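Letters go in sequence order (proteins before strands), and every chain restarts at 1. On a predicted model such as this, the values are computed, not experimentally measured, just so you know.
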Amino acid sequence: MPRSEPIKAVRGVRDILPAEMPVWRAAQAGAAAVARRYGYEEIITPIIEHAELIERVGEDTDAVAKELYRFDDRGGRNLALRPEATAGVVRAYFEGALNQGAQPSRLYLFGPMFRYDRPQKGRYRQFYQFNVEAIGSAAPGLDTEVVELAGDWLNEVGLQDLRLELNTIGDGKCRPPYLERLKEYYRPLKSQLGGDSQLRLERNPLRLLDSKVPQEQPFKNGAPKIIDHLCDECAEHWSSVRRLLDAASIEYQLNPYLVRGLDYYTRTVFEFYPGGATGQQDALASGGRYDGLAEAEGWPSTPGVGFAGGLDRVTELIAAAGSELTTSSPADVLVLPDGELAVEAAEVARICRAVRSVAVDYEAKSLRAKMRSANKLGARWVVLISAEDAARRVAQLREMSTGDQVELAWVELPTRLA
RNA sequence: GUGGCUAUAGCUCAGUUGGCAGAGCACCAGAUUGUGGAUCUGGGUGUCGCGGGUUCAAGUCCCGCUAGCCACCCCA
């Protein structure tokens with residue numbers, strides 16, 4: 001008989017199976033607990049946004065220029081699957097009138113993001129982030145707060161050996177003149193740059209600094225550094241952030257080549273890596289200040305700061321650390337009816353659900369086979385019902401670990417199972 | 001988007017210079033006249049990723065495609 005190919009998952013996406021859920025729950029529960037401890041509230045925003053919202057805030061970034069899932073809906077609207085969460089959260093902050101409440105608005109969010117990237121370990125086309133955003137304040141204390149929150153989260157889920165990299169990239173006042181200096185420095189070297197970097201030189205020169213092309217590395221050393229060209233306000237902010245981090249005993253490495261892929265970042269930028277990181281796609285959390293984002297979206301100019309944590313990567317590290325997290329049995333009790341006793345089995349299950357999680361085996365299999373699956377399920381008890389039992393409204397309650405079995409009236413089951 | 005490696009049973013994989021498709025685990029049935037785990041017995045459950053090509057003959061060699069992994073790129 002000809003068979004068609006089974007339909008498999010879309011490239012670059014994956015299922016999080018029940019066996020993996022304990023680790024995911026731990027990562028998310030830890031994140032939510034830490035966020036609430038800092039006074040942050042949960043928010044959920046849509047996965048689809050107007051493509052323009054996404055494009056306005058990062059047209060020169062790979063995530064938007066090359067990796068955006070974009071489509072027209074049936075009404076002709078140009079939409080996109082969000083590649084990151086911050087643009088949508090800032091939009092919701094205004095649309096939901098959070099800008100009229102206490103400032104800053106402290107928000108956290110879980111959800112999937114989408115980028116049309118080439119799949120690789122730790123890199124998926126649908127991936128999950130934990131986002132934290134503090135919107136409506138330019139205070140340097142908030143830069144430090146979100147860095148500390150990110151670190152607390154990673155520590156809380158069992159990741160101790162971390163590396164925090166930190167930099168500042170100025171703002172709309174001091175960055176443009178700095179970029180001119182950078183271009184002036186690189187223009188004479190243009191012929192020695194790779195093709196990608198030659199394009200970046202005029203379009204997004206900041207990205208020249210985190211180029212990993214070996215022959216371009218020597219040029220970085222002589223390149224002007226933004227830290228030497230900050231405006232007074234940015235310099236003041238930068239020193240405040242560093243002072244607050246020092247006061248909090250948070251260790252970090254200054255990385256003058258750390259820039260962000262997204263254009264709306266200003267001032268502070270940071271990334272957390274696992275301590276022994278060797279690969280390139282293993283940033284666990286990264287973020288920074290985005291004082292230019294609200295305005296880029298067409299809303300009143302409003303400062304903000306936050307970070308995005310990668311749940312896919314964090315859960316992978318938790319699992320690799322071999323923690324004690326295990327799946328428990330989905331049901332404490334399995335009801336095994338004899339023959340055609342589905343009605344009675346369902347009733348018994350209903351009674352037992354007052355005190356325990358209960359499943360019913362409705363399959364037309366031998367009792368032996370049902371017992372085997374009860375064992376595999378990991379049920380603590382089975383409730384056996386024969387036709388004769390059902391007529392008398394009794395059942396055989398068997399404790400799987402000991403094999404002890406007693407006959408009980410149905411109504412007695414909850415007290416016995418409690 | 002670029003390059004390398006890979007794709008055989010539900011899973012992990014073996015399959016020689018091209019010559020009848022295999023193992024372990026899992027699964028099903030039985031030993032136990034319906035009561036699990038241990039043991040034993042029996043059962044292969046497969047368009048060899050897809051499509052072409054070479055050949056008397058292709059899982060094996062060649063080409064294309066798809067997917068996975070790894071590196072680049074980029075980021076979470």
### Task
Identify whether any heavy atom of R368(A) sits under 4.0 Å from a base atom; if not, whether one sits that close to sugar-phosphate; answer base, sugar-phosphate or nothing.
base

### Task
Take A308(A) and V10(A), find for each the nucleotide of RNA chain B with the closest heavy atom, and name the residue whose nucleotide sits nearer the 5' end.
V10(A)

### Query
Looking for any heavy atom pair under 4.0 Å, which part of the strands does A374(A) touch: base, sugar-phosphate only, or nothing?
nothing

### Query
Where are the stems of RNA chain B, defined as at least 3 consecutive Watson-Crick or wobble G-U pairs with both distances under 3.5 Å?
B:1-7 with B:66-72, B:10-13 with B:22-25, B:27-31 with B:39-43, B:49-53 with B:61-65

### Query
Base, sugar-phosphate, or nothing for Q405(A), non-hydrogen atoms under 4.0 angstrom?
base

### Message
Taking the nucleotide of RNA chain B with the nearest heavy atom to each, does G309(A) or G12(A) sit closer to the 5' end?
### Response
G12(A)

Exercise answer: donor-acceptor pairs, residues 410-418 of chain A side-chain atoms, under 3.5 Å, sequence neighbours excluded:
| from | atom 1 | to | atom 2 | distance (Å) |
| --- | --- | --- | --- | --- |
| W410(A) | NE1 | V394(A) | O | 2.9 |
| E412(A) | OE1 | A409(A) | N | 2.9 |
| T415(A) | OG1 | E412(A) | O | 2.8 |

### Message
What contact category does K365(A) fall into here, base, sugar-phosphate, or nothing, at under 4.0 angstrom with non-hydrogen atoms?
### Response
base

### Message
I need the full list of ring-ring contact (aromatic ring centres under 6.0 Å, His included) pairs touching residues 139-168 of chain A, with sequence neighbours left out, sorted by first then second residue.
### Response
F130(A)-W153(A)

### Message
We want to know whether R82(A) and T45(A) form a side-chain donor-acceptor pair, criterion being a heavy-atom distance below 3.5 angstrom.
### Response
yes

### Query
Which part of the nucleic acid, if any, lies within contact of F130(A), taking any heavy atom under 4.0 Å across all strands shown: a base, the sugar-phosphate backbone alone, or nothing?
nothing

### Task
Answer yes if the ring centres of W24(A) and Y128(A) are under 6.0 angstrom apart, and no otherwise.
yes

#### Entry: Sugar-phosphate, base or nothing in reach of L384(A), heavy atoms under 4.0 Å
base

### Message
Does C28(B) have OP1 or OP2 under 4.0 Å away from a side-chain N or O of R372(A)?
### Response
yes

